Amino acid sequence: FNRKMPDTQYDFSSVIFRNGLLYPHLLKPIIHFFESLPYYMSLEIDSEYHYTARLAHAWYPDKNYIPDCNEEDYVWSREHIDKEFEDLTNENAILIHGHTPTMDRHCKLNGSTGGEIWFKKNSINLDCGCCYKKYHGRLAALCLETFSEYYCDGSTVTEKHIPSEGKNSMKKRFSKI
């Protein structure tokens, strides 16, 4: 393994080398764990904002709408950046995904603010590019019940609450709720 790993906030290559995990027999359990995970899942969120959360790494293609989609689309797709998510079987569905950092130029051209959770009409991109420190990326989390945002910049965690207008603000964000 001679290829230089990218400069990241959390230097994965040093963790791999320092812990002696580069050997195939040590990586197999980790690979097996990720291979055992589902490509997507759906959760019914029963809070003041009742909705169905469609969770996928990259995208959640509706097989009724895109019949030729496959499992790869859930993990690798980036074709959705300029499109709105639409679930033809559930008008209260919101896609929650990552894979494409919000500081990506295509995301920014479509309205994202780099390093912040990107709320679109019917989807939320949680990938704030925590591995890209030179672009001010950070780790992000979202409370699915309240939509409170959490960010980690190295060792500091901050919480960003919904604006004081609360319910009205969320109803404006998601037209189908």
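Throughout, residue positions are numbered sequentially from 1 according to the sequence presented. In this text, all values refer to a predicted model and were calculated from it rather than measured experimentally. Any value given below was found using the heavy atoms of this structure, including those in side chains, with hydrogens, waters and symmetry copies removed.
For the pair W118/D127, no side-chain contact is recorded, criterion being any heavy-atom separation below 4.5 Å from C-beta on.
Not one N or O on the side chain of T102 forms a donor-acceptor pair closer than 3.5 Å with the backbone of S112. Side-chain N or O atoms of H57 include none that pairs as donor or acceptor with a backbone N or O of G98 at under 3.5 Å. T52 places no side-chain N or O within donor-acceptor distance of the main-chain N or O of N92, the cut-off being under 3.5 Å.
Aromatic ring orientation, F147 versus F119: perpendicular (interplanar angle above 60°, classes split at 30° and 60°). Between W59 and H97, the ring planes are perpendicular. Angles over 60° get that label, and only those under 30° would be called parallel.
Atoms CG and OH, from D104 and Y135 in turn, are 11.0 Å apart once rounded to the nearest 0.5 Å. Here the CZ-CG distance, from R105 to N110, works out to 11.0 Å after rounding to the nearest 0.5 Å. The CG atom of N125 sits 12.5 Å away from atom CD of E116, with the distance rounded to the nearest 0.5 Å. Put simply, CG on L55 and CE on M41 are 6.5 Å apart, with the number rounded to the nearest 0.5 Å. To the nearest 0.5 angstrom, R54 atom CZ is 12.0 Å from N122 atom CG. Here C128 contributes atom SG and M103 contributes atom CE; the two are 7.0 Å apart, rounded to the nearest 0.5 Å.
The nearest pair of heavy atoms linking I96 to A53 is CD1-CB, 3.9 Å. Between L139 and C130 the shortest heavy-atom distance is N-CB, 3.4 Å. Closest approach of A140 to I117, counting heavy atoms only: CB-CG1, 3.8 Å. Taking all atoms of both residues into account, the shortest heavy-atom contact from Y49 to E145 is CD1-O, 3.5 Å. Here the closest non-hydrogen pair linking Y51 and I94 is CD1-CD1, 3.7 Å. Summarising the geometry of R138 relative to G115, their closest heavy-atom pair is NE-O, 2.7 Å, with the distance given to 0.1 Å.
When the side chain to side chain contact (heavy atoms under 4.5 Å, CB included) test is applied to T156, the partners found at least two apart in sequence or on another chain are T158. For H136, the ring pair (Phe, Tyr, Trp, His ring centres under 6.0 Å) test picks out no residue, with sequence neighbours left out.
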